[in-house]
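The chains referred to below are lettered A, B, ... by the order of the sequence lines, with proteins before strands, and numbering in each begins at 1. Predicted, not measured: the structure shown is a model, and the values here were computed from it.
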Amino acid sequence: MFFSPRRGLLLRLQTIKQITTPGIAPLVWLAETALSPALPSYCLDYRQLILMNDDISSLLNDLNDAQREAVAAPLGQQRVLAGAGSGKTRVLVHRIAWLCQVENAGAHNILAVTFTNKAAAEMRERISQLLGRSPQGMWVGTFHGLAHRLLRAHWQEAGLQDGFAILDSDDQLRIVKRVMADLGLDDKRWPPRQAQWFINGQKDEGLRPRHIQPAGDLFLTTMAQVYAAYEDACRRQNAVDFGELLLRTLELLRDNASLLEHYQRRFRHILVDEFQDTNAVQYAWLRLLAASASSLMIVGDDDQSIYGWRGARIENIQQFNLDFPQTQTIRLEQNYRSTATILKAANALISNNSERLGKNLWTDDPDGEPIRFYQAFNEQDEARYIVEVIEQALRQDGYRRQDIAILYRSNAQSRALEEALLRASIPYRIHGGQRFFERLEIRNALGYLRLLRSRHDDGAIERIINVPPRGIGEKTVAHLREYAREHQCSLWTAMQQLVGQRLLNGRACNALQAFMLLIEQLEIATEELPLHQRTRHIIEHSGLLTYHKEEKGEKGQSRVENLEELVTAAQAFSYQQEEGEELLPPLVAFLDHAVLEAGETQAEQHEDSVQLMTLHSAKGLEFPLVFMAGMEEGLFPHKMSMDGAGGLEEERRLAYVGITRAMQQLYLTCAESRRLHGQENYNPQSRFIREIPSELVHSVRMQQSGTSSHGSGSSLFHGSSVPDTPFTLGQAVSHPVFGEGVVLNFEGAGAQARVQVHFSGEGSKWLMLSFAKLEPL
DNA sequence: GCCGTCGCATTTTTT
DNA sequence: ATGCGACGGC
């Protein structure tokens with residue numbers, strides 16, 4: 001019968017599933033109706049049915065109904081709205097296994113796309129785990145990684161030259177600056193960063209300079225001019241930036257029918273993670289590739305779209321069904337991460353947004369602790385409070401430091417928090433600092449490697465021509481640039497010719513000649529060496545090592561360490577040649593790797609530490625104990641985001657992301673006054689606080705007496721008690737008329753004692769303790 | 001060519 | 001407040 005070959009049974013499962021109506025347990029129905037003649041009568045539950053086959057039971061058994069529906073969905077288009085903590089990656093990975101094992105897809109028929117290298121690595125890892133082998137031939141990667149791969153394979157059709165280089169945003173900015181200077185644009189009036197932003201924005205939208213209609217607008221005219229000149233410069237240098245990787249790939253597929261067809265035939269099954277973050281080009285790219293695919297599953301959450309400001313289009317997920325009318329939408333709403341209280345808060349908050357696809361997170365778990373809200377006097381007090389709670393959580397509640405995260409809207413907020421943690425000797429780690437391959441010393445070393453790859457890498461020359469200092473000054477470099485521009489050649493060529501023709505003064509000539517000789521010598525000496533030895537040789541013989549060693553202070557020390565780390569990284573770098581790919585020289589592959597995967601933010605600290613990061617970088621993570629600091633109007637929602645349409649909603653989604661990071665306990669804090677950019681600000685509480693139902697929030701007024709355990713730094717307010725009374729400065733109190741307040745100050749003692757109390761509604765008042773019915777809270 | 005000083009801006013970040 | 005970038009003096 002048809003269940004003996006596994007595939008037959010499962011195909012039947014599929015077919016039946018498609019025609020069942022929602023609401024009726026489809027698989028039970030299936031068992032009864034479709035298979036009953038062939039099955040023993042006890043087989044009424046699909047679980048038993050499924051259990052007849054080991055492969056499939058392992059795929060579906062530990063999933064909830066919605067997850068199972070997504071994993072076992074019929075071919076075609078699925079939009080999975082995966083709420084925070086709803087097992088999204090799990091569904092993706094199981095779906096891939098399902099496609100392989102049930103739909104008979106070969107690994108090479110599958111394309112799985114993510115946004116970050118981290119997500120791609122995790123997915124690859126989990127697929128291997130589930131399949132019990134590495135998914136040979138499957139394309140699992142980031143948009144940029146996959147685009148890069150396509151361009152390397154088809155550089156000719158894409159209009160590139162072989163061995164093109166990838167620019168990171170730093171290189172990009174350098175080129176933009178160069179180009180703008182050449183155009184004679186005043187960089188005061190036209191900040192290069194703005195132009196860079198503009199160019200990237202256009203590329204994200206799929207627009208080339210010729211698509212821009214300036215319509216007399218000076219800004220647009222100028223920017224289009226810069227954009228065009230920048231494109232020229234990139235072409236001359238045989239370099240592509242991040243946006244170009246995507247746009248070029250889109251154009252490649254769009255304009256090469258046979259190539260497109262080839263990949264369409266190959267990728268029968270396409271899966272996309274974090275779909276709410278796709279920009280216009282990425283979406284267009286997917287639509288092309290998936291036009292005739294057997295299945296397309298997009299997974300995402302419109303409520304977690306927080307990258308609109310860098311080109312992500314929330315409409316891509318919201319209106320996906322317009323482009324793919326057959327789309328089936330599946331909601332993953334059961335949350336396995338947070339307490340019911342936290343989920344209720346998140347649901348309530350996000351319900352203030354309009355245009356949502358709609359989703360309501362729920363959990364089987366109990367309510368848990370209420371959310372705590374603390375309003376501090378200033379940012380120091382806020383940090384002090386957070387650290388106190390952390391100390392207690394570590395001491396009494398058995399939290400590890402890595403269970404705890406402090407989230408904030410902007411990086412500037414981290415300082416006060418760091419200081420307080422430092423004072424309390426609590427190890428912490430800040431995410432989002434400089435990344436490994438972006439460090440100055442690393443970029444310098446890579447500059448030399450880049451020159452070994454190609455002498456015509458102008459960016460690399462500009463970076464290292466005088467690092468370490470070797471007597472080649474700005475003037476000389478300016479000559480080179482001038483010559484290169486006139487003759488439309490690279491800086492290296494310009495150098496050769498200027499030196500050859502003795503067109504520069506003797507000193508400059510000698511210096512340049514020495515530099516060229518150095519590069520040639522590095523090349524000759526290391527040609528045959530393995531990558532890491534090559535790297536080491538270059539670091540040592542370029543003078544970089546000595547140069548950084550002699551830098552004063554800790555800086556030099558850590559730079560030397562990083563250079564050593566680079567050698568280790570080169571050694572650890574093993575380049576996996578994929579099938580059908582030309583073999584890249586290890587050096588080239590390593591340089592690509594350095595740009596595309598700029599490495600962890602901070603060298604992995606293995607010490608257990610409290611995690612500090614912005615709300616943006618917290619996306620995708622979870623922590624048992626979460627603090628959201630700086631819940632103030634103007635800061636969060638940030639005032640800069642309040643103008644554009646949808647800006648406030650994106651901020652709210654950011655708040656939603658923050659809240660849903662918390663597993664057990666969530667603390668919200670704000671400060672009545674905050675010093676920012678050297679200016680004292682008085683911001684009202686964030687509206688997001690008010691959007692959380694008050695019954696979920698427990699307001700902790702000022703710190704309870706006696707717990708101020710250390711660091712009197714900002715605690716003038718705290719600790720000292722009002723004589724002969726149960727009151728302490730900073731203590732939360734309640735008054736029958738004025739409500740809840742905080743003791744700010746006192747004078748007198750005994751029957752004469754008066755206290756100044758700040759009431760949130762009423763402001764500050766002086767009260768005679770003997771009359772006022774003041775209760776400690 | 002290098003170092004110091006002044007002025008200015010200052011949300012969020014990946015690839 | 002602070003850091004980075006541009007400019008000017010040695």
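- Atom-to-atom, CG of A:D171 to P of B:dT15 comes out at 16 Å; the value is rounded to the nearest Å.
- Under 4.0 angstrom from either OP1 or OP2 of B:dT15 there lies at least one side-chain N or O belonging to A:N117.
- Side-chain contact between A:R653 and A:I350: present, with at least one pair of heavy atoms (C-beta onward) separated by less than 4.5 Å.
- Atom CG of A:N683 and atom P of B:dT11 are 14 Å apart (whole Å).
- Within the structure, every side-chain polar atom (N or O) of A:T116 is placed at least 4.0 Å from both OP1 and OP2 of B:dT14.
- B:dT14 has no stacking from A:Y307 on its base ring, since the centres under 5.5 angstrom apart and planes within 30 degrees of parallel are not both found.
- Between the CE atom in A:M631 and the SG atom in A:C670 there is a gap of 8.5 Å [rounded to 0.5 Å].
- Computed from coordinates, the A:Q413 CD to C:dA1 C1' distance equals 15 Å when rounded to whole Å.
- A donor-acceptor pair under 3.5 Å links the side-chain atoms of A:E633 to the main chain of A:R687, judged by distance alone.
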**Request:** Check the pair A:Y230, A:D241 against side chain to side chain donor-acceptor pair (under 3.5 Å), reporting the backbone distance first and the verdict last.
**Result:** CA-CA 11 Å; A:Y230 168 78; A:D241 59 43; 2.6 Å; yes
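- Spacing between atom CD of A:E274 and atom P of B:dT15 amounts to 12 Å, rounded to whole angstrom units.
- At whole-Å resolution of the value, CZ in A:F275 and P in B:dT14 are 21 Å apart.
- Residue A:N411 places at least one side-chain N or O under 4.0 Å from the OP1 or OP2 atom of B:dT13.
- Checking the phosphate oxygens (OP1, OP2) of B:dT15, a side-chain nitrogen or oxygen of A:R435 falls inside 4.0 Å.
- For the pair A:T614 and B:dT13, the criterion of a side-chain N or O lying under 4.0 Å from OP1 or OP2 is met.
- Straight-line distance from the CZ atom of A:R193 to the P atom of B:dT10: 10 Å, rounded to whole Å.
- Distance NZ (A:K475) to P (B:dC2): 15 Å, rounded to an integer number of Å.
- A:I472 comes within 4.0 angstrom of sugar-phosphate atoms only, judged by non-hydrogen atoms across all strands, and of no base.
- Nearer the 5' end of DNA chain B, as judged by each residue's closest nucleotide, is the contact made by A:T476, out of A:F242 and A:T476.
- Ring pair A:Y408/A:F636: centre-to-centre distance not below 6.0 Å.
- An aromatic stacking contact between A:H616 and the base of B:dT12 is absent, as defined here by ring centres under 5.5 Å apart and ring planes under 30° from parallel.
- Both A:L596 and A:G471 lie close to DNA chain B; mapped to their nearest nucleotides by heavy-atom distance, the more 5′-ward contact belongs to A:G471.
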